[in-house]
There are 2 protein chains.
Amino acid sequence: MSSTKDQIIVLADELMRSKGYNAFSYSDISKPMGIKNAAVHYHFPTKPDLALAIVKYHSDSFDRFTERVAEKEALSKIKFFLNFYTSIQLTGRICVIGAFATDWNAMNEEIQEAMSAFTDNVIKWLTTTLNEGNSSGTIHLSDSAESEALSILTNIFAATQLSRITGSDHFAAIKQNILTRITH
Amino acid sequence: MSSTKDQIIVLADELMRSKGYNAFSYSDISKPMGIKNAAVHYHFPTKPDLALAIVKYHSDSFDRFTERVAEKEALSKIKFFLNFYTSIQLTGRICVIGAFATDWNAMNEEIQEAMSAFTDNVIKWLTTTLNEGNSSGTIHLSDSAESEALSILTNIFAATQLSRITGSDHFAAIKQNILTRITH
DNA sequence: GTCTATATTCCGATAGAC
DNA sequence: GTCTATCGGAATATAGAC
């Protein structure tokens with residue numbers, strides 16, 4: 001049981017990450033939900049309001065993710081992170097970071113700031129986790145932890161994009177390459 | 001001196017890679033060029049025609065690039081390739097691969113096939129070049145050449161996206177990380 | 001909180017003159 | 001090859017009843 005408002009966010013997020021922000025409309029949300037355009041506008045008066053809600057949705061989801069894996073070993077945390085992207089790829093979507101980056105100049109400042117804060121959070125978590133694993137010996141770093149974090153993040157989120165164009169085999173190869181790199 | 005048609009393609013490409021395909025309109029092209037909507041439609045009857053022209057434009061540009069560097073040493077080729085992305089980043093745009101990937105499900109089959117062929121070409125060139133450098137000893141590979149090619153490509157094209165959100169320092173770090181990886 | 005109805009604007013696209 | 005003029009449609013958004 002989730003509220004109409006929550007259902008709208010989930011659906012809008014799916015649309016955003018499959019067709020792009022400017023390719024979906026309020027009726028793409030209202031029709032499959034069996035409600036009217038005006039009902040969506042009641043919950044989210046403007047489309048930027050909807051975009052902002054999508055950012056917050058991902059920000060909250062990521063916070064829950066980090067809490068869920070907090071007690072696990074570092075390399076295991078990274079694997080859970082990468083497996084999350086596998087589920088994105090399997091459903092034909094792309095990572096929210098790339099989706100917003102592409103439409104960046106069509107977004108207002110409030111949305112941009114929320115996305116920046118969220119993305120910085122992801123990078124910080126990756127950096128900290130890589131350092132953890134490096135200290136305990138399960139992860140091997142050949143550059144600074146932050147540089148490796150940026151490398152891994154761009155690898156995996158771009159892999160969801162690239163595999164749309166060239167096929168899912170490339171996603172698997174990129175994911176494996178990351179694991180090979182940090183464990184050798 | 002370039003034709004109106006060529007100027008339209010260049011401008012449409014800039015718009016596509018700064019605002020996204022569905023965020024720019026025919027008047028975004030005609031107004032700055034000082035012509036009318038109908039003139040753009042004369043050269044490109046439909047918007048998908050314009051998108052297809054953008055793909056061909058990049059495909060031709062890439063072919064000219066590979067010819068230009070053909071006689072250079074492998075590591076030097078890779079550096080030219082990465083420097084090309086630096087110029088993309090400096091102008092605030094993103095790589096065309098990511099731009100089309102995000103709007104993938106809003107594109108017709110003809111465009112998708114052209115983009116797939118172009119992207120495969122880029123991957124093949126990277127793979128061949130990495131093998132070249134590995135044989136001559138200037139490039140170090142710790143995985144298959146194709147996996148490393150995919151890793152480098154996703155790193156650098158996603159870096160143009162990520163740096164929009166978190167700043168240009170991250171682009172520099174990712175680029176440096178690639179070079180460190182293949183030379184150590 | 002959802003509805004009907006509608007306002008407004010913009011977009012992609014076309015016809016026909018020059 | 002570019003223009004004026006315009007069409008049809010879709011999109012965001014709002015007013016007011018229920």
Side-chain angles (χ1 to χ4, degrees), chain A residues 1-55 57 99-100 102-112, chain B residues 1-57 99-100 102-112 114:
Chain A
M1 280 301 292
S2 65
S3 66
T4 300
K5 190 166 185 172
D6 289 341
Q7 286 178 51
I8 291 170
I9 295 172
V10 169
L11 187 46
D13 173 55
E14 282 175 7
L15 286 163
M16 165 117 199
R17 294 190 292 126
S18 72
K19 299 174 66 177
Y21 178 68
N22 283 296
F24 81 86
S25 67
Y26 272 74
S27 69
D28 287 328
I29 296 168
S30 59
K31 271 185 192 167
M33 285 186 66
I35 57 177
K36 298 295 168 183
N37 237 335
V40 183
H41 276 285
Y42 168 78
H43 294 286
F44 302 97
T46 71
K47 210 175 172 184
D49 291 329
L50 197 44
L52 189 60
I54 292 173
V55 180
Y57 169 65
F100 274 88
T102 299
D103 291 331
W104 194 248
N105 295 317
M107 299 288 170
N108 68 37
E109 222 172 287
E110 192 182 8
I111 298 170
Q112 290 182 347
Chain B
M1 281 302 292
S2 64
S3 66
T4 300
K5 190 167 184 171
D6 288 341
Q7 286 177 50
I8 291 170
I9 294 171
V10 169
L11 187 47
D13 173 56
E14 282 175 7
L15 286 162
M16 165 115 199
R17 294 190 293 125
S18 73
K19 299 172 68 179
Y21 178 70
N22 284 296
F24 81 85
S25 66
Y26 273 74
S27 69
D28 288 328
I29 295 168
S30 58
K31 272 185 191 167
M33 285 184 66
I35 57 177
K36 298 295 167 183
N37 235 335
V40 184
H41 275 285
Y42 168 78
H43 294 286
F44 301 97
T46 71
K47 209 176 173 186
D49 291 329
L50 198 45
L52 189 60
I54 293 173
V55 179
K56 287 181 177 164
Y57 169 66
F100 274 88
T102 300
D103 291 329
W104 194 247
N105 295 317
M107 300 289 170
N108 68 37
E109 221 172 287
E110 191 182 8
I111 299 170
Q112 289 181 349

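Throughout, a chain's letter reflects where its sequence line sits, starting with A, and its residues are numbered from 1.
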Touch class at under 4.0 angstrom, heavy-atom based, for B:Tyr42 against every strand present
base
Close residues, residues 44-52 of chain A, relative to DNA chain D [heavy-atom separation under 4.0 Å]
A:Pro45, A:Thr46, A:Lys47
Neighbours of DNA chain D within residues 34-41 of chain A, by heavy-atom distance under 4.0 Å
A:Asn37, A:Ala38, A:His41
Considering only residues two or more places apart or on different chains, which pairs with a residue in residues 103-112 of chain B satisfy salt bridge (Lys or Arg N to Asp or Glu O under 4.0 Å)?
none
Side chain to side chain donor-acceptor pair (under 3.5 Å) partners for B:Asp49, two or more places apart
B:Thr46
Mind listing the side-chain donor-acceptor pairs of residues 8-15 of chain B below 3.5 Å, one per line with the distance, residues two or more places apart or on another chain?
residue, atom, partner, partner atom, Å
B:Asp13, OD1, B:Arg17, NE, 3.0
B:Asp13, OD1, B:His58, NE2, 2.6
B:Asp13, OD2, B:Arg17, NE, 3.4
B:Asp13, OD2, B:Arg17, NH2, 2.9
B:Asp13, OD2, B:His58, NE2, 3.4

What donor-acceptor contacts under 3.5 angstrom involve side-chain atoms of residues 30-41 of chain A, with partners at least two apart or in another chain?
residue, atom, partner, partner atom, Å
A:Ser30, OG, A:Tyr26, O, 3.3
A:His41, ND1, A:Pro45, O, 2.8

So where does chain B start and stop touching DNA chain D, 5' to 3', when the test is distance under 4.0 Å to a non-hydrogen atom?
D:dG1 to D:dT4
Partners of B:Lys5 by side chain to side chain contact (heavy atoms under 4.5 Å, CB included), sequence neighbours excluded?
B:Ser3, B:His43, B:Phe44
Side chain to side chain donor-acceptor pair (under 3.5 Å) against A:Ser27, all qualifying residues, sequence neighbours excluded
A:Ser25
Applying salt bridge (Lys or Arg N to Asp or Glu O under 4.0 Å), can you list everything that pairs with A:Asp28, at least two apart in sequence or on another chain?
A:Lys19
Restricting to pairs with a member in residues 37-47 of chain A, which pass salt bridge (Lys or Arg N to Asp or Glu O under 4.0 Å), not counting sequence neighbours?
none
Going by heavy atoms closer than 4.0 Å, what residues in residues 5-20 of chain B are next to DNA chain D?
none
For the pair A:Thr4 and A:Tyr42, evaluate side-chain contact (heavy atoms from CB on, under 4.5 Å) and give the outcome as yes or no after the intermediate values.
CA-CA 11 Å; A:Thr4 300; A:Tyr42 168 78; over 6 Å; no
